[in-house]
Each structure stands twice: as structure tokens, then as C-alpha cells.
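Contents: one structure, followed by commentary.
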Amino acid sequence: METLIFYIFSAILIASALAVITVRNPVHAVLFLVLTFFTCAAIWLMMEAEFLAITLVLVYVGAVMVLFLFVVMMLDINISVLREGFVKNAYVGIPVALIVVFELVAVVGSDRFGLDQVPAPLAHAADYSNTKELGRVLYTEYVYAFELAAVVLVVAIIAAIALTMRRRPDSKYQDPSAQVRVRRNDRLRIVKMAAEKKNKASE
Amino acid sequence: MAIVNFEMPNFLPALPEMFVLGMACFILILDLFIKQQDRVITYLLSIATLVGAAFLTISLSDGERHLTFSGSFVSDPMGDVLKLFIYLVTAVVFLYSRDYLKKRDLFKGEYFVLGLFGVLGMMVMVSAHSMLTLYMGLELLSLSLYALVAFQRDSLKATEAAMKYFILGAIASGMLLYGMSMLYGASGSLNIAEIGAYAALNTDNTVLMFGLVFVIVGLGFKLGAVPFHMWVPDVYQGAPSSVTLYIATAPKIAAFAMVMRLLVEGVGDLHNEWQSLLVVLAVLSIAIGNVVAIAQTNIKRMLAYSAISHVGFILIGLLAGTDNGYSSAMFYVVVYSLMSMGGFGMIILLSRSGFEADKLDDFKGLNERSPWMAAMMMILMFSMAGVPPTVGFYAKLSVLQAAVDVEMVWLAVYAVVFSVIGAFYYLRIIRLMYFDKPMDTNKIEAGIDMRIALSVNSLGMLVLGLFPAALMQWCIAVI
């Protein structure tokens with residue numbers, strides 16, 4: 001039964017992953033990617049990695065992919081340009097890809113990575129909590145790597161801000177404090193002028 | 001519960017890392033409150049951070065090997081020496097870049113903060129004792145470097161270079177991670193010592209071998225060895241010269257440490273397998289690096305190809321697989337980073353605002369403009385070519401000796417033949433400097449601090465070449 005479910009999810013996973021790179025409409029591609037993540041989460045659930053499965057759905061599907069969808073919708077991608085040369089390159093690309101797949105299967109196929117070589121780990125008891133176990137090692141055994149991950153994120157923020165935030169001289173923005181501080185004399189100039197004589201020509 | 005068994009890790013060995021991280025964050029925030037004309041404070045603080053880290057590293061170094069953070073962090077004499085050179089090189093890089101950045105309106109706090117985070121990444125790589133830590137350090141370094149390459153936002157070339165670097169770097173990281181996952185799958189551990197213990201017992205494990213191949217591909221990318229070198233010339237050329245200077249020097253030391261930790265400490269017992277892979281990389285790197293460099297008219301590109309060929313030499317030292325080989329590779333990598341620091345420093349010296357001295361023609365007649373600087377450049381070029389009595393000669397000699405010791409005479413002969421071919425393009429620069437008329441007669445603008453540092457840098461190559469024993473002894477002692 002479990003094997004059957006696994007194969008069903010795997011089939012959906014592979015099919016939707018293929019669809020991501022083959023469908024014409026980029027929005028559809030993003031939606032297929034969402035499906036890929038969902039099925040992937042399901043497979044992780046079967047591996048008793050409940051916390052990671054839920055995080056995948058919450059973070060990737062819930063946040064990252066929604067953002068991604070926005071970006072795709074806002075960009076005006078000309079898909080036909082991207083597809084140019086696909087057929088031309090396919091003559092070389094597909095055989096190369098097939099050879100790579102063949103080689104990978106030959107090396108890490110089931111005769112080397114099969115169940116008789118690497119036995120499946122025993123299922124945990126019903127009261128086993130994946131989340132608890134993760135929490136137990138994250139701040140103890142892996143605290144160094146965990147803190148480093150935080151530093152990597154800090155660097156990402158610094159890089160993003162340093163590369164995108166700039167004051168362009170031609171962009172107009174408000175300076176509220178300058179607006180408040182303004183005096184009448186800054187804006188208004190009262191000019192004394194001699195009275196003009198009535199123009200006789202216009203009469 | 002297992003929680004009871006958890007022991008508080010010893011934080012002391014990681015004190016330099018923590019210091020650099022703390023200072024980088026402090027400088028980041030302080031920089032917000034500094035006016036542009038006082039920006040030099042950021043620069044001085046960054047240098048002070050590196051000096052402080054050097055003091056901490058020296059005072060904590062007791063010649064022992066300490067493992068902490070559940071075996072994911074190691075502090076040993078080799079790591080300490082490599083870290084000291086990383087601080088030194090980065091500090092000089094900051095010094096060389098100061099004027100260059102000011103003239104290009106790039107003198108910003110982020111430059112130094114990203115540089116310091118890059119140093120932190122390198123330190124983590126040097127002290128990594130688990131594949132996870134190694135990878136985190138690598139990503140920390142790479143991310144800082146990608147951002148630094150793109151730092152000159154209005155330059156199309158720099159943006160293109162950053163894009164190429166980012167994409168190829170991501171592919172390389174993917175390869176490395178895939179290989180690491182295979183090593184993990186085979187050995188069941190991320191810890192480098194445990195992988196080593198497993199590899200010692202299972203030298204014919206196919207999965208381990210499969211992972212090893214991918215790891216070497218990833219390392220080849222990061223080192224810039226042929227056939228994974230495509231990014232090197234484009235990134236070196238496109239990045240602002242001060243960033244090229246940074247990329248070309250300190251990260252090479254960190255990459256060397258990464259190879260030592262993964263291949264030698266990790267799967268050292270599979271030496272027979274990875275030796276043949278490294279031979280291929282070394283043979284191709286030396287040939288392609290030296291031959292293609294001849295055709296370059298841009299000196300940054302030329303030095304990039306020269307970097308590729310130097311990586312070939314470093315690989316020869318590593319693939320020998322003896323302690324002698326490792327220490328001569330370490331000697332080579334340290335010397336190379338000092339040499340290329342001088343070489344790229346020269347480009348910065350000759351650049352002015354709005355003008356990059358990155359063509360070979362810009363070096364024409366340098367002797368007439370500044371005989372002293374021309375002499376300094378000559379020493380650097382001789383050193384890169386491996387002409388005695390400069391240190392470049394000694395570095396090449398010790399690496400080749402290590403290859404001969406393991407009966408790879410053909411490889412040594414091959415390397416010598418190609419370094420003779422390579423000498424052509426180094427000597428061409430000397431010819432341009434001394435025998436051609438200058439095309440550019442403007443005065444050299446660089447400040448006195450840069451001139452002194454660059455002169456010390458170049459003369460150091462000569463002094464180290466005359467007295468290489470001290471550095472060599474150091475490298476032998478810590479391996």
C-alpha cells in the first residue's frame with residue numbers, strides 16, 4: 001500500500017516537474033511548480049519528515065511561490081524568444097541528457113542503492129515527533145551551522161540593499177521635515193512694483 | 001532524554017570568527033551614522049578588525065588540534081596559518097582599494113562589510129570539520145563575492161560578470177552538494193573524520209567514488225581549474241579592479257583549505273582515485289592557462305589565465321599525496337596570493353578616475369614614467385614566471401620536487417615545458433615597460449601608502465625568494 005502511494009506521488013512529481021519546463025504559459029509553469037512542491041511534501045511525509053513537509057508547503061508554496069507568481073505576472077516575458085533554438089539544440093541536448101541518465105542509473109541504480117544494499121530504516125513509534133527531534137539537535141549539535149545560516153541571510157540582505165537602494169537624482173520624493181520647516185519667505189516673494197500706466201493702445 | 005547528554009561546546013577556539021562577525025555587524029551599523037567624508041573610519045575599523053582577529057588567532061594558537069561544536073569546527077595549526085594569511089591579504093586588499101574606490105564613487109561601508117563577511121566565510125571554510133559547515137562557509141564567501149562583483153551598478157560589464165559568476169557558482173555549489181550528499185549517503189555522517197574512517201574501510205565503495213567525482217567537479221569550479229574555468233577570465237575582467245584583487249587572492253587560500261579538509265582529511269584513503277582526477281585537471285589547467293594567456297590583450301584577462309595555470313601547479317602539489325606535496329602546495333598558494341595581490345595592485349596603481357589601466361598597452365614605457373614602479377612590476381612578473389631568485393621559482397621548484405618524489409617525472413617535465421611557454425607573456429610585459437614608448441603620459445596618482453605597500457609587496461617576493469626557508473619550514477610544520 002505504502003509503495004503504491006509512493007509511486008503515485010512520484011509519478012505526479014515527475015510529470016509536473018516536466019510540465020514546469022515544457023508548458024508554454026509561464027503562469028502555468030509556476031502553478032505546476034506548486035504541484036511539484038506539494039507532491040514532494042507528500043513524499044517527505046511518508047519518510048516521517050513531517051516538520052519539513054509542512055515547512056515546504058508553508059514557506060515555499062505559501063510564501064515563495066506566491067511572490068514568484070506575482071513576479072511572473074508582472075514581467076512581460078516573451079516566451080517565443082526563450083524557445084528559439086530549442087529544436088536546434090535538442091538534437092545534441094537530448095542524446096547527452098539520455099547518456100547522463102543512463103550513466104547515473106548505472107552507477108546509483110537499484111543494484112547499488114537498492115533495498116538489499118541500503119536497508120530501509122525502521123519506522124519510528126507513533127509517539128515519535130519529528131519536530132521535537134529537529135528542535136533538539138538544531139540548537140545543540142548543529143548550532144554552529146545554524147548560526148552561519150543566519151549570517152548568510154544577513155549577507156543576502158546587505159547585498160540586496162546595497163545593490164538596489166539608491167537615490168537617483170531624477171527621482172522625486174517628499175521630505176516631510178523640509179515641508180514642515182518651510183517658512184513663508186522660502187516660498188513667497190513680495191515684489192514692490194511701480195504702478196503701470198493704463199495702456200492706451202488697448203482702448 | 002538525550003538533551004541531558006548535551007555538553008556546552010567550547011566557544012574559545014571560535015573566538016576569532018565571533019570577533020570578525022561582531023565587528024562586521026558593528027561596522028555595518030556604525031557606517032549608517034558616518035558622513036561620506038568621514039568614511040575612512042569604516043576603512044580603518046575594517047583593518048583594525050583584521051588585526052584584532054590576527055591577534056586572537058595567534059594568542060589562541062597552541063599547536064594543538066581542538067574540535068568543538070560537536071565536531072563541526074576544528075582549530076589546528078594549519079588553519080591558524082592559513083587564517084593569518086587571509087587576514088594579511090585582505091587587509092592589504094583594503095589598503096590598495098581605498099583610493100581606487102574613492103575615485104569611482106564606490107567608497108561605501110558595504111564594500112568593507114561584505115569584504116569582512118567574505119573573510120568570515122573563508123575562516124569558516126578553513127576551520128570546517130563537517131561538510132555542512134564547509135558548505136555554509138563557502139556560500140557565505142560566494143554570496144559576498146557575487147555582491148562585490150556587482151558593486152559597480154552602472155557598469156554593464158560588472159553586472160554581466162556578476163551574473164555569470166552567480167549562475168556558474170550556483171551550478172558548482174549544486175555539484176558539490178550532490179557529491180556531498182553521496183558521501184553522506186555512503187558513510188552516514190557529515191563529520192569529516194567519520195567519513196574518513198568509513199572511507200578507510202571501504203575503499204572500493206562505488207557510491208563513495210561517485211560522490212567523490214562530483215565533489216572534485218565542485219572544487220574544480222571553485223578553484224578555477226580547467227575544464228571548469230570558464231567563469232574566471234570574464235569575472236576577473238568585468239569586476240572592478242579592487243574586487244578582482246580580492247577574488248584573485250584570499251579565496252584561493254580558502255579553496256586550498258577546502259581541498260585539504262575534504263580530500264585529504266576526509267577521503268584521504270581514496271587517494272589513488274582522486275589522484276588521477278586531479279592529474280587531468282592539473283594537466284589541462286597548466287596547458288590551457290599558459291597558452292591562452294598569450295593571446296590576451298587585457299592584462300586582467302591575462303592574469304586570470306595565469307591564475308588558472310597557477311592552480312594547475314597547486315593541484316600538482318596536492319595530487320602527490322605526500323606531506324611534502326601538501327606543504328609545498330600550501331607554500332605555493334600563499335606565495336601565489338601574495339604575487340597576484342601585487343600584480344592586480346599594479347593595475348590599480350596605474351588606474352585613475354574614469355580610466356582603467358587594464359590593457360597591456362597601458363604598461364608601455366612604464367620605466368619612463370616611474371622607474372621604481374616598473375622595477376617592482378618586473379620583480380612581480382619574474383616571480384609569476386618562476387625566474388630565480390624570486391619566490392615564484394622556489395614555489396614551482398618545491399611543487400615539482402613533490403611530483404618527482406612520487407615518480408611522476410613526466411608531469412614535472414610537462415609543467416616545466418609549459419611554464420617556459422608561460423614565461424613569454426610575463427616577459428612581454430617587461431619588454432613593454434622597458435623598451436616601448438609610453439602611450440599614456442599622465443602622472444601616476446596613487447598615494448604614498450599604496451606605493452609603499454606595493455613596494456614592500458614586490459620586494460617581499462624577492463626577499464622570500466632569497467630566504468624561503470622560514471615560510472617553507474612553517475608550511476612543513478603545520479601540515
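So you know, we letter chains A, B, ... as the sequences are listed, proteins then strands, and number each from 1. Reckoned from all heavy atoms, side chains included, excluding hydrogens, waters and symmetry mates. What you see is a predicted model; the values in this text were computed from it and never measured.
Using a cut-off of 4.0 Å between Lys/Arg side-chain N and Asp/Glu carboxylate O, B:R261 and B:D76 are scored as salt-bridged. Using a 4.0 Å cut-off between charged side-chain N and carboxylate O, B:D31 and B:K108 make no salt bridge.
Ring-centre distance between B:F11 and B:F69: below the 6.0 Å cut-off.
Interface residue B:L140: backbone and side-chain heavy atoms are both found under 4.5 Å from chain A. Residue B:L148: no heavy atom, backbone or side chain, is found under 4.5 Å from chain A. Heavy-atom distances place the side chain of B:M182, and not its backbone, under 4.5 Å from chain A.
Contacts classified as ring-ring contact (aromatic ring centres under 6.0 Å, His included) and involving residues 126-148 of chain B (residues at least two apart or in different chains) are given here: B:Y146-B:Y165, B:Y146-B:F166. Within the structure, side chain to side chain donor-acceptor pair (under 3.5 Å) contacts touching residues 37-50 of chain A (residues at least two apart or in different chains) do not occur.
Between the side chains of A:R136 and A:T140, no donor-acceptor pair of N or O atoms lies under 3.5 Å. A:E141 and B:S70 share no side-chain donor-acceptor pair at under 3.5 Å.
Residues of residues 120-128 of chain B lying under 4.5 angstrom from chain A, judged on non-hydrogen atoms, are B:L120, B:V124 in numerical order.
In terms of the side chain to side chain donor-acceptor pair (under 3.5 Å) criterion, B:T68 has no residue partners (sequence neighbours excluded).
With chain B as the partner, the residue from A:V151, A:I161, A:V137, A:V143 showing the most heavy-atom pairs under 4.5 Å is A:V151.
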